[in-house]
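These numbers come from the heavy atoms of this one structure, side chains and all, not from hydrogens, waters or symmetry mates. Chain letters run A, B, ... following the sequence lines, proteins first and then strands; every chain starts at 1.
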Number of protein chains: 2
Amino acid sequence: MTNKNPMKQNQLAFPEWLQGRVRHVEEVLDDLLPSADALPARLHEAMRYAVLGGGKRVRAALVYAAGQACPVSGSVLAVEASLDRAAAAVELIHAYSLVHDDLPCMDDDTLRRGRPTAHVQFDEATAMLAGDALQPLAFDLLASMPIAPALIVQATQSLARAAGSQGMAGGQAIDLFSVGRALSRDELQTMHSMKTGAMLACSVALGGIVAGASSATRQALDAYAQAVGLAFQVVDDILDVTADSASLGKTPGKDAAENKPTYVSLLGLSEARAFAGELREDALAALAPLGDAGSRLAELADFIVLRDR
Amino acid sequence: MTNKNPMKQNQLAFPEWLQGRVRHVEEVLDDLLPSADALPARLHEAMRYAVLGGGKRVRAALVYAAGQACPVSGSVLAVEASLDRAAAAVELIHAYSLVHDDLPCMDDDTLRRGRPTAHVQFDEATAMLAGDALQPLAFDLLASMPIAPALIVQATQSLARAAGSQGMAGGQAIDLFSVGRALSRDELQTMHSMKTGAMLACSVALGGIVAGASSATRQALDAYAQAVGLAFQVVDDILDVTADSASLGKTPGKDAAENKPTYVSLLGLSEARAFAGELREDALAALAPLGDAGSRLAELADFIVLRDR
């Protein structure tokens, strides 16, 4: 495991810190996912394929950065081990949602992170079951965090709601029902705050819960998360128009081709960019009460808004 | 809500007790599922359609009967409210698994409990997302049980493992991979103990966890659950051959037609019946340490083995 010491982590420049966290959570995921040798082997292979195939690991990074933004009372080692499990849990939920989203009955995508999607690599039924099995594993990981049971219960509730019908799954349903329909800006924002924002906000919240943050800190984290969550989606919509397949690792221009409403189709490219910039300012302003401890979260906000893939 | 008083429940004959519990958990589910008016309405409609469309509610009944088998220390009201949530949680997981199992990429079934399956009534994407959203709702319900957080964490872990790749989802994967293959009796037993047995056993375990059962009681419950879980599947295989569509509420003879291995294809009808009888004896023997408190569980074992649908 890399960069275990939080002091060392704080001395790193952002790109090295992020790279270290990405590498670390991939080791954690590799370790916590069932082995491809364990029965049912083909299901476990598909789960590992879906989760370990790269990705930006933004959600995991948000868990770590939020945990780091809070003063730790109690065992630093227990908090770090718990942040690992929380970071892995949000990545598992994210990975399952991509697998199901790529299925023929949903987006029918064949390319993800530059590789065949799970149902192309395996088959539809295996891909669906792999997604189905990733979801409870996420809750299992939270339940095994070495922190106070009351905090585990809060974390479970946060993840369950972020993943559920009034969070991510609900946002995907609204997205599905809105293909070819004109959405208002408010409707688009509701859809994205559920589809993408809920899990990004949950990632930030889990960092705070695991570290035992005060309610004032949790409020600051929440305000930050709302702004960053929305910014993430606005930038995604911009990249769907401006990026090419190679740098994006998935099929670009698909949303526009399917007449899906996006921030770009609604606001135009230049106003969408301005909106992303405003949200970045909001995110940074929300971090003010945390002082220097919030610097990784600030850097992550910049990373999310200024990324090119 | 019906039959709230555990003393009153104990005086009822089994059919009235079971009917009361079924009616009660359906009220609980109706109450805890998101309203069909709440956004996204179509997703919530599909979730409600999948969960509230009848069913035997065997898993819920096992939660209640196991809870009743344990001496309650602490608030009876808190335990009863928690048993309601645990019973609802196992029914949500069961309902989601049926929705996904019925999809074209899996069993491609059009009839379930005498009604069109969810993807026929709605569409494939909505059915898949409804299943996806039922799963976190189950964990949310456990997290909101009014009992000690440490018990909630145990319950969460139990449900997560029963639903996951080494439980129900894993069993479905093995079932899928074994179509047209000859399975040994051991392989068939492993598949069923994961696919159906894990969630039945979890239902019994949750009753014990919620009631704060001693480890001796939990062991007795577990032995009972193993036998009943397997008996349930053996009887299912028998009914797939002997029952008609009207009483079964689903398409019978499908497993045999698809060359899926079953206890009947492996052992023959009469030996399969004898095996179910043996498992019933094992279940009853496991309950001996619980004395009279285990009588509802004993009646449920009889109900499961002697049912005709």
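- In this pair, A:F139 and B:F139 present their aromatic rings parallel. The plane angle is below 30°, not in the 30 to 60° band.
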- Message: Between B:R42 and B:D123, is the side chain to side chain contact (heavy atoms under 4.5 Å, CB included) condition met? List the steps.
- Response: CA-CA 11 Å; B:R42 188 174 157 83; B:D123 57 74; 2.6 Å; yes
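- Listed for the B:R48 side chain is a donor-acceptor partner under 3.5 Å among the backbone atoms of B:P34.
- With a 4.5 angstrom heavy-atom cutoff, B:S144 touches chain A via backbone and side-chain atoms both.
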- Task: Apply the test side chain to side chain contact (heavy atoms under 4.5 Å, CB included) to residues A:L176 and B:L129: give CA-CA distance (whole Å), side-chain angles for both, the deciding distance (0.1 Å), then the verdict.
- Result: CA-CA 10 Å; A:L176 180 73; B:L129 286 174; 4.1 Å; yes
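- Neither the backbone nor the side chain of A:I93 comes within less than 4.5 Å of any heavy atom of chain B.
- Of the residues considered (A:R161, A:M47, A:M191), A:R161 shows the highest number of contacts with chain B, using heavy-atom pairs under 4.5 Å.
- Using a 4.5 Å cut-off between heavy atoms, B:L134 does not touch chain A at all.
- Proximity to chain B (any heavy atom under 4.5 Å) is restricted, for A:F177, to the side chain, taken from C-beta onward.
- Under the side-chain hydrogen bond (donor to acceptor under 3.5 Å, both in side chains) rule, A:R112 has a single partner from A:D107, A:D102, A:D101, which is A:D102.
- There is no side-chain donor-acceptor pair under 3.5 Å between B:D132 and A:Q135.
- Ranked by non-hydrogen atom pairs under 4.5 Å with chain B, the options A:A127, A:G170, A:C105 are led by A:C105.
- Looking at A:M194, only its side chain comes within 4.5 Å of chain B, counting heavy atoms on both sides.
- Both the backbone and the side chain of B:L43 have a heavy atom closer than 4.5 Å to some heavy atom of chain A.
- Side chain of B:S158 to backbone of B:Q154: no donor-acceptor contact under 3.5 angstrom is found.
- Between chain A and the options B:A173, B:A169, B:S165, the largest number of non-hydrogen pairs under 4.5 Å is found for B:S165.
- Contact count against chain A (heavy-atom pairs under 4.5 Å) is highest for B:H100 among B:H100, B:E124, B:Q172, B:M106.
- Checked by atom type and distance alone, the side chain of B:T117 pairs as donor or acceptor with a backbone atom of B:D109 at under 3.5 Å.
- Between atom CD of residue A:E187 and atom OG1 of residue A:T190 there is a gap of 7.5 Å, rounded to the nearest 0.5 Å.
- If you measure heavy-atom distances from B:A38 to chain A, the contacts under 4.5 Å come from the side chain alone.
- For A:H119, no part sits under 4.5 Å from any heavy atom of chain B, backbone or side chain.
- For A:M168, no part lies near chain B; criterion is any non-hydrogen pair under 4.5 Å.
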